[in-house]
Structures are given as structure tokens and as C-alpha cells.
Amino acid sequence: MSDESQNSLPTTKVARATRFAKTGFNVGTNYIKHYAKKAVGAESTTEDLHAANAAELYGTLSEMKGSVLKVAQMLAMEKNMLPTAYAEQFAQAQYSTPPLSGPLVVKAFRDAFGKSPYQLFDEFEPEARQAASIGQVHFARKDGKALAVKVQYPGVADSIKSDIRLVKPIALRIMGLNEAQVRPYLEEVETRLLEETDYKLELRRGQEIANECRGLPNLQFPSYYPEYSTARILTMDWLGGQHLKEFLATKPSQEVRNQIGQALWDFYQFQFNELHRLHADPHPGNFLMRSENGGTLGVLDFGCVKEVPADVYQLFTALLAPETIADEARLTALLTQAGVLRATDAPAMQVLYLRTMQTSLELVGRPFRQPSFDFGDPAYMTALYALGDDLMADPDLRKQREPRGSEHFIYLNRTYVGLFALLTELGAAVRTQ
């Protein structure tokens, strides 16, 4: 087993709180070192400080796994929210984290099945092929079939609520908010995170969505095996292919990248418009790409699925419609329905939010308003991130700290930002209508 594997995992509230406290102390020490160096004229840049703190924080998140590491994955997708050092460190969470040791994996199987994985499968690799935030993936074989066996880290489900309680004061302090203002949003995140720990739910959703999307071209989904799955262990087919970074290193042709990008776009549009639910975790680690047959896309991990209520679907679609941006009265009514505008807002505040949303919706909705869109032009994502920077820098908006809008938009926005980022990195031109 690798020296970097973990032999234990902080699972109790006290252990996890203590680990957070240690991290806070170490981050504080980094600040002291930074300013001490500057005081004596030694070289210490802000970038050095960010790098030291990012490494410290990522080390803690990797060790604790679970919901706090999931937050790192989400932040890695929102690059404009983070200094470069943090974005680069957290991007590691999209692909791998230190795996658990063999004895802990065997214990998980004995707890679930009363047998070791070596008794259940004809072949089982004790070292994880991939390790992420909620669980790690092992390669196995049974009756000649290559299988991916996902093993959940012990204590993850129990730790989520306590983790959010630990993270909440930090988030509230950074954003300058009180708990009542963010309660619906935190409850939405907590609900999705708890769902991700239920592998029985993931198995059912994976089977349902794969079956419903079976007619879409160039997509591959694994079959699942209920007899080798529980609430904390999930067994499915081992899909071939490469994650995005490895795939791009093979220098695939533009035609292949376009075909995979089209499959990705069609998959998300079909889910949203026909199924009214979304695979809401579009980070690179959840897709496998192959050049064969002109380009195919394997879809993994249905742990995070956002069910979209009918009224939210209608509202989200209406906000992106081309006629909405040009019709100020219609946009005002929709933004009021969404909770972005309020009757109690001062007229100047109404104008500020209205203008801000007009600018944002024009940019975000641009791919939907034309027959095709070239995500290979990085200027689009640059403009999206620049918009985020501009909004965060606006002095009037900075004063308005409380969150607005439907809590359902958290995962809808996350999904489409992640989708756009994937398509941009892939460099794909797709038919969008």
C-alpha cells in the first residue's frame, strides 16, 4: 500500500473540530511568518502566503474528506472566487485525494456484507484507482466482467451536519451575513450532500437516468449491480476512457472534441428539458472520454442529482429566453418571482439589480440564443469570470451582502457553470438549439 494512504479518518465531531482548529492555528502562524519576514525586509509575497495557506487548507480537506472536501471541488469550478494558489490546490480535489488503506476497505466490506471483498469478487485490487471526496474506487472482476467498486469513507454521512456547523461561522464571517439569511441555501446544500452519501439512491438514479437517456448518441453509462451494493458500497461496470486532462494530452482532433462536446450538451439539455432533473456535479472527474467511433462520453457518479420543480424550471427557462432581456417589465416580474427583486427595495436598488441581471443573463444565456456556439473560444469563459470579478468589485453591490434568489438556483447555476467550463476546456463547438 502507498505510504500516502490513510490508515484512519477523523469521524467524530470532536476530532473533526480539533482538526479544523489546528488548521486555523497553522494558517494564523503562516500570517505571522509572512508579516515577520516583511518586517525585517525579507522577501515574502502575498502569493507566498496564499500558497502556504492553500496547501495547509487542502491538506486538511483531503484528510477529512466528506462534505468539506466537496466544498473544495465546488470552489475549484468557481475559479473567479479564489486566489490562484487556492484554485490550483483545490483543483486537485476534482481528480484524486489520498486513499484509505487496505484494512479500512476490508472492514467496510465486512460491515456491509459480512465478507471481505476478496470473498465477494474473483479479483479485487486493494489499492484504490481513484480517491475523491465521498468515497474511493477500486477495480474488481466478477464472472469475467471488469467492475468499479466505490467504497464510502467511514463516518462521512454522520459528519456532514457537524461539518456544516463548523464551516458555517467561517462562511458567515467572510460574507458578513446572519444565519437566518442563509438558512434556505445551507439547507439546500446539506440536503444534496446527504443524498450523495446514499449509494442506494445513487444506484436507482443512475439506472433511471441511463435508461431515459439511452437514445442519445455517443453516451455511455455503466450498469449497476444491486447484489454487490449497499448504502455505503456501490458496484458498477468499469468504463473505459480517460478523464479530460489525460484525454486532451492525446491531442484529439477537433471533430472528436466537437462530437464529445455535443454529447455533453445534449445530455444536459435532455435532462433539464425532458426529465426536469440534472446530474449536478459536472466536474472533470465524473466523465470519461474516448476517441473511438468519432468520440464518446462515459458518464459517472449520479450521487448529486438536482430535481427541478416545475415552477423553477419555468422560471429558469423564462429568464434565459431572448425576449426577456429586451422586455424590462417582464424581466422585473420574473426577478420579483425569483426573489431577486423585492417590493421593499429602494428604487435605486431596484435599478441596480435590474441592470446587473440584464448584463448577467445576456452573457450566461448567450449559448442558448443562437443555433451553435463555439466554446473553443476561451474569451467566453474569461468574460463570465470577469463578470464575477466586476460584480464583486461593484461598491454598491458589495454593500448588499444578503443572498437573493431561489435556493434551487444554487445547483442549477453550479451545473451550467461546470458544463460551460468543461466545454471550454474541451474546446468544442456544439449545436445549441
Side-chain angles (χ1 to χ4, degrees), residues 71 74-75 77-82 168 171-189 192 272 278 280 306 308-370 379-421:
V71 170
M74 293 172 72
L75 288 174
M77 290 161 55
E78 300 282 359
K79 296 179 179 65
N80 60 303
M81 293 176 60
L82 298 169
K168 192 190 299 180
L172 294 177
R173 195 177 311 124
I174 290 170
M175 295 185 289
L177 301 171
N178 63 56
E179 186 175 347
Q181 292 171 315
V182 299
R183 186 176 297 120
Y185 305 93
L186 287 176
E187 287 175 352
E188 169 75 357
V189 171
R192 299 285 82 74
F272 183 58
L278 286 165
K306 174 60 185 171
V308 185
D311 60 331
V312 175
Y313 170 77
Q314 292 165 359
L315 179 58
F316 195 82
T317 305
L319 283 168
L320 290 176
E323 61 270 20
T324 297
I325 297 173
D327 186 340
E328 197 165 286
R330 175 177 167 81
L331 179 58
T332 300
L334 289 170
L335 291 175
T336 302
Q337 183 184 340
V340 176
L341 296 180
R342 297 172 184 168
T344 55
D345 290 334
M349 207 66 245
Q350 286 253 353
V351 170
L352 175 64
Y353 276 120
L354 190 62
R355 296 289 175 264
T356 298
M357 290 306 299
Q358 279 177 319
T359 303
S360 301
L361 288 169
E362 190 286 319
L363 186 58
V364 172
R366 200 176 292 172
F368 300 94
R369 292 194 299 272
Q370 51 196 69
Y380 180 66
M381 284 306 291
T382 301
L384 273 181
Y385 292 138
L387 174 65
D389 290 339
D390 291 345
L391 295 180
M392 290 168 68
D394 187 297
D396 292 321
L397 285 175
R398 285 172 69 90
K399 293 175 188 174
Q400 312 304 316
R401 304 297 291 179
E402 63 178 312
R404 293 192 174 212
S406 170
E407 66 272 17
H408 294 287
F409 283 10
I410 294 173
Y411 280 87
L412 287 177
N413 292 339
R414 174 200 181 191
T415 297
Y416 277 99
V417 168
L419 172 62
F420 288 3

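Note that the structure is predicted; figures quoted are calculated from it, not measured.
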With sequence neighbours left out, write down each residue that passes side chain to side chain donor-acceptor pair (under 3.5 Å) with [X], or none if nothing qualifies.
X    : answer
E362 : R366, R369
T324 : R330
E407 : none
Y416 : Q269

Could you list all the side-chain hydrogen bond (donor to acceptor under 3.5 Å, both in side chains) pairs where at least one residue sits in residues 337-351, not counting sequence neighbours?
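Non-adjacent pairs meeting side-chain hydrogen bond (donor to acceptor under 3.5 Å, both in side chains): R342-E402, D345-R404.
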Any side-chain heavy atom of [X] sitting closer than 4.5 Å to one from [Y]?
X    : Y    : result
L354 : T332 : yes
I410 : Y185 : yes
L352 : T356 : yes

Where do T415 and K306 land on the side-chain contact (heavy atoms from CB on, under 4.5 Å) test, with the steps shown first?
CA-CA 9 Å; T415 297; K306 174 60 185 171; 5.6 Å; no
Residue pair L335 / M357: nearest heavy atoms and the distance that separates them
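Of all heavy-atom pairs spanning L335 and M357, the closest is CD1-CB, 3.7 Å.
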What distance do L384 atom CG and F420 atom CZ have between them, rounded to the nearest 0.5 Å?
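With rounding to 0.5 Å, CG (L384) is 7.5 Å from CZ (F420).
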Just distance, no hydrogens or angles: give the donor-acceptor pairs under 3.5 Å from side chains in residues 314-322, sequence neighbours left out.
residue	atom	partner	partner atom	Å
T317	OG1	Y313	O	2.7

Check: N413 side chain, F409 main-chain N or O, donor-acceptor pair, under 3.5 Å:
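Present.
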